[in-house]
Amino acid sequence: PTKGGVAVLAQNADPQLTAILAQRAGNGNWVMNVYEPLLRYDKDGKAQPVLAKAWKWSPDMMTLDIDLLEGVTYHSGRAFTADDVVFTLGEVAKPANNSQLRFMAENISSATASSPTKVQIKLKAPMGNFLDLLDFTPMVDKETWATIKDGQKVIGTGPFQWDKWTPGAEITLKRYEAYRDPAHLDGISLPIITDATAQMNAIRGGRVMFSSVLTPSDASTFKTDPKFVLVETGGSSVPLGVNVTMAPFDKKEVRQALGYAIDRERIANQVFAGAVRKTQLYWGTTDQFDKSLDNKYNYDPAKARQMIEKAGAAGASIEISIPNYAAQQSTYEIVRNNLEAVGFKVSSKIYNSTDYNAKLAEGNLGQAFITTHGSGFSARVRLNALPTLREKTNISKVTDPKYTTLRQNLFSAKSDEEGKLALDELTKYMTDEAFSLVLMDQNNVNVFAANFKGTTFSVTNQVICDKAYVVK
């Protein structure tokens, strides 16, 4: 690989420095280049060492012993130690840091450093997917974490170190020369280009080498040009959610009518250029459940209109909250057209990505909302991690004890067969209650300049450039 050069990766938002422990817009292209997790899942779902070189479970799956890689330093020059692991896991458990996997950190009864390179984690209850937390979580610097929000000291252990951030304009990273296997690139430039058309023009004109946020239909315009390469990575669920405490969605029949009103095929083709996995459920391809349950709502606007009229909701006004992303706005336009065709009056409330994510975390997006949730984790993790699905603090305001019971049945299942049956029952409940209607799973279509090579992705679609290079 060629040594040197600067890779230019388009950003669609400023970094959210206080949300490094969460998945947030503005962080996906740089966090896993500045920071590192203890381990990382490969494309086959097998955990591979990063900052941890080995780990071992006790027979009862209640204690995890971790051996850390020796000689790792933060960009400040300070040694990375077991104390930093203990500190980071403690921060994940704090609600203020908004980690989607906080519930996993809350299951830790103790995390102790027995030496600079040894950590022991004891759990309150067995959690078979606990390693997901160690893949998802970047190890932060305990000495500078409290002041990270000003952007002056963003200190990790990764192959690139934070150089400069000009809000609204650009982030720059430079190679960390003391890294254990120094990167090929001299640095990474991340210009902040919020407009989708401007981002397309920047790629086509050679100003940037990578974009991960174009809609698949926009990305497909690069498909036949040999100067570019399109790479599909793991999908994201695209749900339309509603607040069940607000009219007209306090009536189940109206919520169900939405399922019949929406033309998913049109969204798949017009917005995502067919780069989707057709599903009406949140579950991934590795989750075990009755696949025949994944077809409750076919496109039937006449039936939807009839249900809405019967429920006395014809002519009701609906405001749908959306982030200012091209794909969500394009999806909204089709949803609006569909819902107006069955008798609703529809308007939108558009937020910038930072405000939208804050509202999502607060559970305060109003009457209805379109969002996306990255895949890569199991049903059990998603049920606790996603603000749309959490038990009593979900954004749809579902507090039904039956929902709690069905979730608990899944979490307490002692065998794969028990787990499948429990997920089937939960699926039936969720599709019937229709408080969060998955429209499809969109595949992320990343556009690369053909001379930008060697990148990889995390299971949550964060780009990693430790082995990347630019062909001159």
Side-chain angles (χ1 to χ4, degrees), residues 11-14 16 19 22-28 98 100 193-199 212-219 235-244 246 248-249 255 258-259 261-264 266-273 275-276 280 282 316-342 344-375 386-389 394-397 434-442 444-445:
Q11 286 269 117
N12 70 335
D14 274 307
Q16 296 189 46
Q23 291 283 316
R24 289 289 184 266
N27 290 351
N98 291 315
Q100 291 91 335
I193 309 171
T194 58
D195 180 74
T197 300
Q199 198 165 126
S212 61
V213 296
L214 297 180
T215 66
S217 58
D218 285 344
S236 301
S237 297
V238 183
L240 168 64
V242 298
N243 184 329
V244 302
M246 298 179 71
F249 301 122
R255 302 195 299 268
L258 295 184
I262 295 170
D263 188 348
R264 292 171 171 82
R266 183 179 170 195
I267 295 171
N269 292 330
Q270 285 189 206
V271 180
F272 300 112
V276 302
Q280 297 180 18
Y282 276 97
S317 295
I318 299 172
E319 183 180 74
I320 302 177
S321 296
I322 54 174
N324 63 342
Y325 303 149
Q328 280 67 42
Q329 292 187 55
S330 297
T331 298
Y332 162 77
E333 290 300 331
I334 296 173
V335 169
R336 177 186 59 78
N337 182 277
N338 290 160
L339 297 188
E340 288 179 346
V342 298
F344 289 121
K345 298 174 183 176
V346 185
S347 62
S348 66
K349 188 173 182 66
I350 302 173
Y351 293 92
N352 67 49
S353 59
T354 301
D355 290 343
Y356 187 89
N357 285 322
K359 291 281 187 182
L360 188 64
E362 293 167 6
N364 184 26
L365 277 174
Q367 194 181 16
F369 35 89
I370 295 171
T371 188
T372 59
H373 294 303
S375 59
L386 303 187
T388 46
L389 299 182
N394 59 79
I395 197 167
S396 290
K397 312 301 181 186
F435 59 86
S436 190
L437 294 159
V438 172
L439 306 181
M440 66 203 61
D441 261 16
Q442 71 166 91
N444 289 343
V445 182

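FYI, the numbering just counts along the sequence from 1.
In this structure, the side chains of I320 and V346 come closer than 4.5 Å at one or more pairs of heavy atoms. Using a 4.5 Å heavy-atom threshold, the side chains of N444 and S236 count as touching. In this structure, S317 and F344 have side chains that are not in contact, with every pair of non-hydrogen atoms separated by 4.5 Å or more. Looking at heavy atoms from C-beta onward, Y351 lies in side-chain contact with L365 at the 4.5 angstrom threshold. Looking only at side-chain heavy atoms (C-beta outward), P239 and I370 stay at 4.5 Å or farther from each other. Side-chain contact between D441 and V238 is absent, with no heavy-atom pair separated by less than 4.5 Å. E319 places none of its side-chain heavy atoms less than 4.5 Å from the side chain of M246. Looking at F249 and S396, their side chains never come closer than 4.5 Å, going by heavy atoms from C-beta outward.
Under the 3.5 Å distance criterion, with hydrogens and angles disregarded, a donor-acceptor pair is assigned to the side chains of Y282 and S436. Residues T388 and N394 bring no donor and acceptor atom of their side chains to less than 3.5 Å of each other.
Residues meeting the side-chain contact (heavy atoms from CB on, under 4.5 Å) test with D195, sequence neighbours left out: T197, A198. For Y356, the ring pair (Phe, Tyr, Trp, His ring centres under 6.0 Å) criterion is met by no residue, not counting sequence neighbours.
Sorted by first then second residue, the salt bridge (charged side-chain N to carboxylate O under 4.0 Å, His left out) pairs that include residues 323-340, not counting sequence neighbours, are E333-R336, R336-E340.
Taken to the nearest 0.5 Å, the CG atom of N269 stands 10.5 Å off from the OG atom of S217.
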